Amino acid sequence: MEYNFTDIEKKWQQKWKDSKAYEVNNDESRPKYYVLDMFPYPSGAGLHVGHPLGYIASDIISRHKRLNGFNVLHPMGYDSFGLPAEQYAIETGQHPAVTTEQNINTFRSQLDNIGFSYDWSRVIRTSDPGYYRWTQWIFLKLFNSWYDHQQNKARDINDLIDLFRTGGNASFSQRRHDIPFTAEEWNAFTEEQQQNILMQYRLAYSSYGEVNWCEALGTVLANDEVVNGVSERGGYPVVKKKMRQWYLRITEYADRLLEGLEKIDFAESLKEQQRNWIGKSQGCEMSFKVKSDSASSAGQAPEAGQDADTEKWLKVYTTRPDTIFGVDFMVLAPEHDLVRQITSDDQMEAVDHYLDYVKSRSERERMQEVKQISGCFTGAYAIHPFNGKEIPVWIAEYVLAGYGTGAIMAVPCGDQRDFNFAKHFNIPITNIIGEHFNGEEANPTKDAILQNSGFLDGLLMKDAIDIAISKIEEKGIGKRQVNYRMRDAGFSRQRYWGEPFPIIWKNGVAYPLPENELPLELPHVDEYSPGPEGEGPLANIKDWAIPDSDPEARRETSSMPGYAGSSWYFLRFMDPHNNSEFCSRKASDYWGQVDLYVGGTEHAVGHLLYSRMWTKVLFDLGLIGHDEPYKRLLNQGMIQGSSRFVYRVKGSNQYVSAGLKDRYDSTALHADVALVDGLVLDTEAFKLWKPEYRNAEFILENGKYICGSEVEKMSKSKFNTVNPDTLVDNYGADTFRMYEMFLGPIEQSKPWDTKGIEGVHRFLRKLWRLFYDEIKGQLWNIDKASDAELKILHKTIKKVSEDTEKFNFNTAVSAFMVCVNELGEIKCHKKEVLGALLIILSPYAPHICEELWSLLQNTGSILNASYPAFEEKYVIETSKDYPVSVNGKVRTNIGISLDASSEDVEKMVLSNEVVKKWLEGKQPKKFIYVKNKMINVVI
RNA sequence: ACCCGGGUGGUGGAACUGGUAGACACGCAGGACUUAAAAUCCUGUGGGCAGUAAUGCUCGUGUGGGUUCAACUCCCAUCCCGGGUACCA
C-alpha cells in the first residue's frame, strides 16, 4: 500500500463534511475555547501562500485543544466590503457584489483544499444585509451614546438630555471646549441648537475634517491612492479639502484602551505600538499674548479673566514647561486658525505662498523630509509671560494641526527639530542648560540645572516642571493638561461599497433611522462615479437619497469604512443566525473572549484598537459581559513574495541577464515567478507569457538568463504570488500544512520559497512506511512496546505539546521528523507507539493521520481521540559532561539537573569524574553559579 | 522622519534563563540498489590552516565598541531589510 495523498485527503474532507465533524454547539458542558483568525478581505487575486500561514497555525491549535477536551469555536468569514472591489468596478463595470461573490467562492474552495476544521455553518460576510444590519444597529448605539467621565463609561444619550434639561451642563463640564449653559438655556434652545450640542457628545458624531481631494477625478482619494502627491490613477494633483465627515470618539476611551492592555496577552511590542499610538503625555497648555500689526480681530481667549475682545492669544501645548525660558520662537501649524489673523501685512504674501506649498504636501512628507527645513515668519510676536520678551511667531509644516493645540513653543537648545529650524533661519538660541548644551545639537535632558530661567534658576529640570505649571496656573494663563496623540477615528468614506449610514439629514440635523427600518440596504447602482461636491456615488441615486417619507430630507450618502464590519464580527460568530439580536447575551456569556486571535501585525493599531473600543462600548451599555475582545493574540509574520526581474534594454526588445545589466541602459520589469527556476529564467516560457515578449531576444551569461530578485509584498501586480492549490495538488494538503509551519517561526516575516517542501513530503512518506510497505504490506503489529520505543514516543509527546502551546510549530515539525527517523532506525512498528504518534501529529497533518488511524483498525475518528498523557519516567535525560578550556584558563561546564542547591552543586561538581581529571588535584578557587543550573569552576 | 520588528553556513532555520553555535530540513558531493531512471537507503558537508589519517589549531552569528571566566543572547553606537504612520485591508 502506498501513500496516495490525493485520494486520502478528498475522502476525509468529504467525511468530515458529511458528519458535520467541526460544527459546535453553544450549550456544551465541556470548557470552551475560541480560536479566531483575522478574516480575509476576499481579493480578486485569490488565496496566496501567505494567507494560510496563520490559518494553519490556528487550525493546529483548534485541533490540539479539541484533543485536549475543549469545545472549540473556530469560525471563518469574509471582510467583504472594501475599496479594491469598487476600484475594480470602476475599471470593468462589474458590480462589486458580483465580483465579491466570485472571489469568496474562490477563497472557499482554496481553503477547503487545505483541510481546515472551520465550522462553516457559522460563516459570515460583512457585506450581507443580514450582517450589516447589526453593524448599522451598533452604529446607532454609538450615535445614541455619550461618555460619562464621572461613571467612566458610555451611557444612553437620553440620560444626557435629562441632565441638560434639569441642570444644564455647568455641573459636569467635562471637556476643554464645553460652553456652559443652564437648564433654562437648554430648554430654550431650538431643536437644531440642541442637536448641535448633543453632536459634541455622541460617540459617533459628524464634524468637519480634511480629505485628499482630487479635482480632476472629482473624488476623494484614500492615502493609498495618492502617490508622490498626485493621484495614482491619472497622476492628477491632490489637495487637502475640508468636508463633513463622521467620526468615532475613540479618544474618550484612550485611558481605558491603555489600562486594558495590562490584562490581555499580546506581544509586548504590539502593546508598545498601541501605547505609542495613543500617545498619552502629561504636560501643560498655556496661552501667549500675541502682538501684531495685523488689522483683523480677536483670537482665542485664555482660561481666565482676560479681555478677549481686544487681545489675541496663542495657545500651545508642551510637555516641558520647565523650558519656558528657553523659548526662542513659536511655531503654528500652517492650518492654524490664528494664522490669518496675526500675519502682518508685509508678511502676508510670503505666508500665502507658503500655505500654497503646504497644501500640496501629505502629512507623511511633512514629517519625513525633516532635512528640508521650511517655514515662514508671520510678522507677529508672542509676549513671554514671565520676562516680557518678544518671541517671533512662525508657521512651519513640521507642526501638525491635529496634535495638541496645533502650535508649539520652540526651545532650540532642548529639541532637535527646533534646533535645526533655528539654525536654518538664523534665529538666536537661548541656552538654559549651561554646559549641557554644546551649540552643535539639542539636548533633551531633564537632568540639567536650569540657568537663564528667571524663577526657575538653579532648579533641576525634572523638579521645575511642576513648579512652572503651578506658576502658569497661578497667573491664569494655562493649566496642567493630559494630552493624547491619538485622534478621533474618521468613520465615513465617500464610497459606494460599504455599509450605508442609517442617518437622515434634515435642516442640518442628523436623525437616526428607527431600529425596525434596519437594515438600510445598499441600493443597486450601475455607475460608480462620485456624486457632486465629492460626495459618494450614493448621492447620484436620487430615489434612494431622498427618502419617500420626506422630500425635504436627505440620506447620508457616504458609507462606513472597512473597519466597521470587522470591529465586532467576533461576536456575531457566537450567534450567527440570530435575527432579533446582534448576539444573544447567553451566547456571548458562554463563548466570552476570543481565547486566541491570530493575525498579522499590520493590524496592530487599526483594527485591534477599533475592535477593542467597540467591545468596551458594548460592555458599557450592558450588551456583553466582557470589555476586551481578545484574551491572547498571536501575530503571524507576513510571507513576502520573492519577485523576479528581467532587464529590458531601453528602446529594444532585448533582455539582458542580471549580471550584465550594468553594461546597458535597461529597465527592470517584473517577470512571473512561475517562469523562473531559482534565478534562471525559462526563456521559451517567458516568450509565450505575454504577446509583447513573443519576439524577445536575450543577452545571456554562461548560456543562461539570470533574473534579478527582490523581496516585496506578495501581490498579483508584482507577479510574485504563489498559489497554494498547485502545491496541494503536487504534494498534498498535509505536506503543505507542515511545510508552512516548518518554514520558520510563525511570528517571523519571510519570503516564500518552495524549495524544501520535498523534505516535508519525504517525512510523511517515511511515516507511512512505518505502517505499510509497498511489497510486504502491513508492518504494524500489536506487540508490547519497549522502553526504548516509549522513550522516543514520550520525548516527542513532551516536545510537541510544549512547542504547540508555545506556538513553536517549526520546532515541533522537526521533532516529528526526528521521531520518525528514530522509530525507523530501530524498526519500531508497534501499534501502541504509532497510534499515540498519530494523535499528536493529527493537528498538523490531519488527513494522513485519520487514514492511518482507521487502518490501525481503530474505531471512530481520530478527531475524537484524546491527547496521550506524557509519562516522565520514559524520558530521563542523561546530562552530558564536558570540559572546555578558554583563554588558557580552565573552565568546566557541567550540566547539572535542575533545582539543586549550591552545596549540592559543589558536591556534584567535585565528585564529577571529568572535573576531577581537569582539576588534577587542585582546589577550585571559585564557583560561579548560573541559576543553579550551570557552573563554572575557576582554578 | 517617527513607532515596532528582523539580520546566524550555499539556502530556510535551531540554540531553553548568558554556558559545546549551526539541531531539523533543503541544496550539493560521493556511494549502495537498478539494464536504466525514479523512489529508497548510507556517508560527507560553516571558512581557513596543519596532518596519510584519527584528529588538532584557528576564525566565525550585519558592522564597530563595551560588560563578563563565558555573549547569537546583555549594554552603547551604526548600517541594511520588513511592517505601521490615521481613507488599502
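All values below were derived from every heavy atom in this structure, side-chain atoms included, with hydrogens, water molecules and symmetry-related copies excluded. We name chains A, B, ... by the order of the sequence lines, and we start the count at 1 in each one. These figures come from a predicted structure and were not determined experimentally.
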Exercise for review: Assert yes or no for the condition that the ring centre distance of A:Y597 to A:F570 is strictly below 6.0 Å.
Suggested key: no
Check your understanding: Which part of the nucleic acid does A:M38 contact within heavy-atom distance under 4.0 Å: base, sugar-phosphate only, or nothing?
Key -> nothing
**Study point:** B:C81 base / A:Q640 side chain donor-acceptor hit below 3.5 Å
**Key:** no
Exercise for review: Scan A:E2 against the nucleic acid and name what it touches under 4.0 Å (heavy atoms): base, sugar-phosphate only, or nothing.
Suggested key: nothing
Check your understanding: Would A:E335 and A:K240 pass as an ion pair if we require N to O under 4.0 Å?
Key -> no
Exercise for review: Give the rounded distance in Å between these two atoms: CZ of A:R495 and P of B:C87.
Suggested key: 12 Å
Review point. For A:H607, which contact category applies under a 4.0 Å heavy-atom criterion: base, sugar-phosphate, or nothing?
Key: nothing
Practice item. Go through B:U40, B:A25, B:A86 for me and flag the one nearest to the A:M817 side chain. Key: B:A25
Point to revise | Residue mapping more 5' on RNA chain B - nearest nucleotide basis, A:N808 or A:F39 | key: A:N808
Review point. Does a side chain donor of either A:S559 or A:W497 reach within less than 3.5 Å of an acceptor in the other side chain?
Key: no
Point to revise | Pair assignment for B:G82, Watson-Crick or G-U wobble, requiring both distances under 3.5 Å | key: B:C4
Check your understanding: Which nucleotide sits closest to the side chain of A:T601: B:A14, B:C88, B:G83?
Key -> B:G83
Check your understanding: In whole Å, what is the span from the OH atom of A:Y563 to the P atom of B:G84?
Key -> 18 Å
Could you list all N or O pairs between the protein and nucleotides 2-6 of chain B that sit under 3.5 Å apart?
residue	atom	partner	partner atom	Å
B:C3	O3'	A:N276	ND2	2.9
B:C3	O2'	A:N276	ND2	2.7
B:C4	O2'	A:Q273	NE2	3.3

Exercise for review: Pick base, sugar-phosphate or nothing for A:V760, based on heavy-atom distances below 4.0 Å to the nucleic acid.
Suggested key: nothing
Check your understanding: For B:U35, which nucleotide in any strand shown is its Watson-Crick or wobble partner with both distances under 3.5 Å?
Key -> none
Point to revise | Any strand: nucleotide that pairs with B:G51 via Watson-Crick or wobble, under 3.5 Å | key: none
Check your understanding: What nucleotide, of B:A86, B:C41, B:C87, holds the atom closest to the side chain of A:K766?
Key -> B:C41
**Study point:** Rounded distance (Å) that lies between atom P of B:U11 and atom OH of A:Y739
**Key:** 15 Å
Exercise for review: Would you kindly give the CG-to-C1' distance between A:L609 and B:G84, to the nearest whole Å?
Suggested key: 12 Å
Review point. Hey, does A:S566 reach any base, or is it just sugar-phosphate, or nothing, if we go heavy atoms under 4.0 Å?
Key: nothing
Point to revise | Pair assignment for B:A29, Watson-Crick or G-U wobble, requiring both distances under 3.5 Å | key: B:U43
Check your understanding: Any ion pair linking A:E268 and A:R275 (charged N to carboxylate O, less than 4.0 Å)?
Key -> yes
Check your understanding: According to a strict under-4.0 Å criterion, is A:N810 in side-chain N/O contact with OP1 or OP2 of B:A14?
Key -> yes
Review point. With sugar-phosphate meaning primed atoms plus P, OP1 and OP2, does A:R275 contact a base, only sugar-phosphate, or nothing at under 4.0 Å between heavy atoms?
Key: nothing
Review point. Which part of the nucleic acid does A:R765 contact within heavy-atom distance under 4.0 Å: base, sugar-phosphate only, or nothing?
Key: sugar-phosphate
Point to revise | Nucleotide opposite B:G18 in a Watson-Crick or G-U pair, distances under 3.5 Å | key: none
Point to revise | A:R233 and A:I90, any side-chain heavy atoms less than 4.5 Å apart | key: yes
Point to revise | Closest to side chain of A:P84, choosing from B:G13, B:C24, B:C88 | key: B:C88
Exercise for review: Go through B:U40, B:C88, B:A86 for me and flag the one nearest to the A:R487 side chain.
Suggested key: B:A86
Study note, to complete from the structure: Testing B:A23, B:A86, B:G83 for proximity to the side chain of A:M638, the answer is B:G83
**Study point:** Side-chain ion pair, A:E225 and A:R495, N-O less than 4.0 Å
**Key:** yes
Check your understanding: Among the nucleotides B:A86, B:A39, B:G13, which one has an atom lying closest to any side-chain atom of A:K750?
Key -> B:G13
Review point. Which way is the base of B:G6 turned, syn or anti, if we draw the line at 90° from 0?
Key: anti
Practice item. Could you tell me whether the side chain of A:S558 reaches within less than 4.5 Å of the side chain of A:F501, counting heavy atoms only? Key: yes
Point to revise | Same-atom distance (P) from B:G30 to B:A37, integer angstrom | key: 14 Å
Revision key, fill the gap. Considering only heavy side-chain atoms of A:W277, the closest of B:U85, B:G13, B:U40 is B:U85
Exercise for review: May I ask you to say what A:P745 touches in the nucleic acid, namely base, sugar-phosphate or nothing, with a heavy-atom cut-off under 4.0 Å?
Suggested key: sugar-phosphate
Exercise for review: Compare all side-chain heavy atoms of A:V722 with those of A:W752 and state whether any distance is below 4.5 angstrom.
Suggested key: yes
Review point. When all nucleic acid strands are considered with a 4.0 Å heavy-atom cut-off, which category describes A:V813: base, sugar-phosphate, or nothing?
Key: nothing
Practice item. Name the closest nucleotide to the A:T811 side chain, picking from B:A15, B:C87, B:A89. Key: B:A15
Exercise for review: Would you mind pulling out the nucleotide paired to B:U67, Watson-Crick or G-U wobble, both distances under 3.5 Å?
Suggested key: none
Point to revise | Atom-to-atom span, OH of A:Y253 to P of B:A86 - whole angstrom | key: 25 Å
Review point. Can a donor-acceptor pair under 3.5 Å be found between the side-chain atoms of A:E225 and the base atoms of B:C87?
Key: no
Practice item. Assess the side chains of A:Y398 and A:D418: does a donor N or O sit below 3.5 Å from an acceptor N or O? Key: yes
Review point. With distance as the sole criterion, is a donor-acceptor pair present between the side chains of A:Y78 and A:N103 under 3.5 Å?
Key: no
